[in-house]
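To keep things clear, I will list the structure first and then write my remarks on it.
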Amino acid sequence: MSLTKIDHWIGKTLFAPPIIKLCQLTHQSQSAVSRLFWFIAALDGFYRAETLFGSVLWGGLSVFMMFSAAQRADSPTTSFMFFRLLAIVMLAVDMIRGSASGEWAGIEFWVFVLVAEYAAIIRTIPPKEPAKSAAKVSKPTS
């Protein structure tokens, strides 16, 4: 199985359905969701920073991502398959390390990154399906 097929399967099966549902519920574009999750990932990095340099780096990235998300939320974003696969490998490594040591803190960063990256490659959001209860029209009683 090629890396492209693996990437496509992971995106289509694991990430696209919840991202599409989130876009439908919040009425946001997939680009806005991508920028939002990059902002959340930057905030998580800032929260987990252990040195002054790390705090300054992640804090600056958080501020940059906040302004980026505010100024051009709906502008199309790009994503690279290599980076998505690298993030998947890093998530797998953190999951193995977490299961071996019981230290699960920090694993959410890679989930945020993957949601942001897979949201960037979704091209169209299908319309929200109407609720079944809204389809029924109640008859007035006399």
Side-chain angles (χ1 to χ4, degrees), residues 1-140:
M1 188 181 273
S2 72
L3 292 177
T4 305
K5 286 183 181 180
I6 292 170
D7 179 52
H8 181 71
W9 181 84
I10 289 172
K12 186 174 126 183
T13 307
L14 300 176
F15 288 97
I19 293 168
I20 290 171
K21 191 58 131 176
L22 178 65
C23 290
Q24 290 171 338
L25 290 174
T26 60
H27 302 287
Q28 297 295 316
S29 71
Q30 59 273 27
S31 297
V33 169
S34 175
R35 292 185 196 285
L36 168 70
F37 274 88
W38 268 116
F39 175 62
I40 292 170
L43 287 176
D44 184 63
F46 181 56
Y47 176 74
R48 301 231 173 263
E50 296 177 355
T51 64
L52 178 61
F53 177 74
S55 294
V56 170
L57 180 72
W58 285 108
L61 185 62
S62 297
V63 171
F64 173 76
M65 292 308 298
M66 179 179 61
F67 284 117
S68 172
Q71 293 296 321
R72 46 193 178 108
D74 292 327
S75 298
T77 57
T78 58
S79 176
F80 298 103
M81 183 182 70
F82 173 77
F83 186 69
R84 290 190 304 269
L85 292 174
L86 178 65
I88 289 168
V89 167
M90 296 304 293
L91 175 63
V93 167
D94 276 357
M95 289 177 72
I96 292 168
R97 187 187 67 204
S99 63
S101 68
E103 180 65 36
W104 293 96
I107 199 169
E108 73 283 349
F109 175 80
W110 295 112
V111 174
F112 295 148
V113 168
L114 285 167
V115 169
E117 287 297 304
Y118 280 111
I121 63 171
I122 296 174
R123 292 296 154 225
T124 57
I125 300 294
K128 187 176 178 182
E129 295 177 8
K132 291 180 171 108
S133 62
K136 294 181 181 180
V137 177
S138 62
K139 296 181 181 178

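What you are looking at is a predicted structure, and each value in this text was computed from that prediction instead of being measured.
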Between [X] (side chain only) and [Y] (backbone N and O only), is there a donor and an acceptor less than 3.5 Å apart?
{"X": "Q24", "Y": "I125", "result": "no"}
{"X": "S34", "Y": "A119", "result": "no"}
{"X": "S68", "Y": "F64", "result": "no"}

Is it true that atom CE of M95 has more than 12 heavy atoms of other residues, nucleotides or ligands lying nearer than 6.0 Å?
-> no
Can you say whether the rings of W58 and F109 are parallel (under 30°), tilted (30 to 60°) or perpendicular (over 60°)?
-> perpendicular
Would you compute the distance between atom [atom1] of [X] and atom [atom2] of [Y] and round it to the nearest 0.5 angstrom?
{"X": "F39", "Y": "F67", "atom1": "CZ", "atom2": "CZ", "value": "10.0 Å"}
{"X": "S62", "Y": "I40", "atom1": "OG", "atom2": "CD1", "value": "11.0 Å"}
{"X": "K12", "Y": "K5", "atom1": "NZ", "atom2": "NZ", "value": "12.0 Å"}
{"X": "W38", "Y": "E117", "atom1": "CH2", "atom2": "CD", "value": "5.0 Å"}
{"X": "M81", "Y": "I6", "atom1": "CE", "atom2": "CD1", "value": "9.5 Å"}
{"X": "I96", "Y": "L91", "atom1": "CD1", "atom2": "CG", "value": "10.0 Å"}

What closest approach, in Å, do [X] and [Y] show between heavy atoms, and which atom pair accounts for it?
{"X": "Q30", "Y": "R123", "result": "NE2-O, 3.0 Å"}
{"X": "A105", "Y": "E108", "result": "C-OE1, 4.2 Å"}
{"X": "P76", "Y": "S31", "result": "CA-OG, 3.5 Å"}
{"X": "A120", "Y": "S79", "result": "CB-CB, 4.0 Å"}
{"X": "F112", "Y": "A41", "result": "CB-CB, 3.9 Å"}
{"X": "G54", "Y": "A49", "result": "C-CB, 3.6 Å"}

Result for side-chain contact (heavy atoms from CB on, under 4.5 Å) between I88 and one of V93, V113, I10, L14 points to I10
Hey, are the side chains of I121 and F15 touching, using non-hydrogen atoms and a 4.5 Å cut-off?
-> no
Are the side chains of D7 and Y118 in touch, meaning some heavy atoms are under 4.5 Å apart?
-> yes
Between R35 and T77: side-chain donor-acceptor atoms closer than 3.5 Å = no
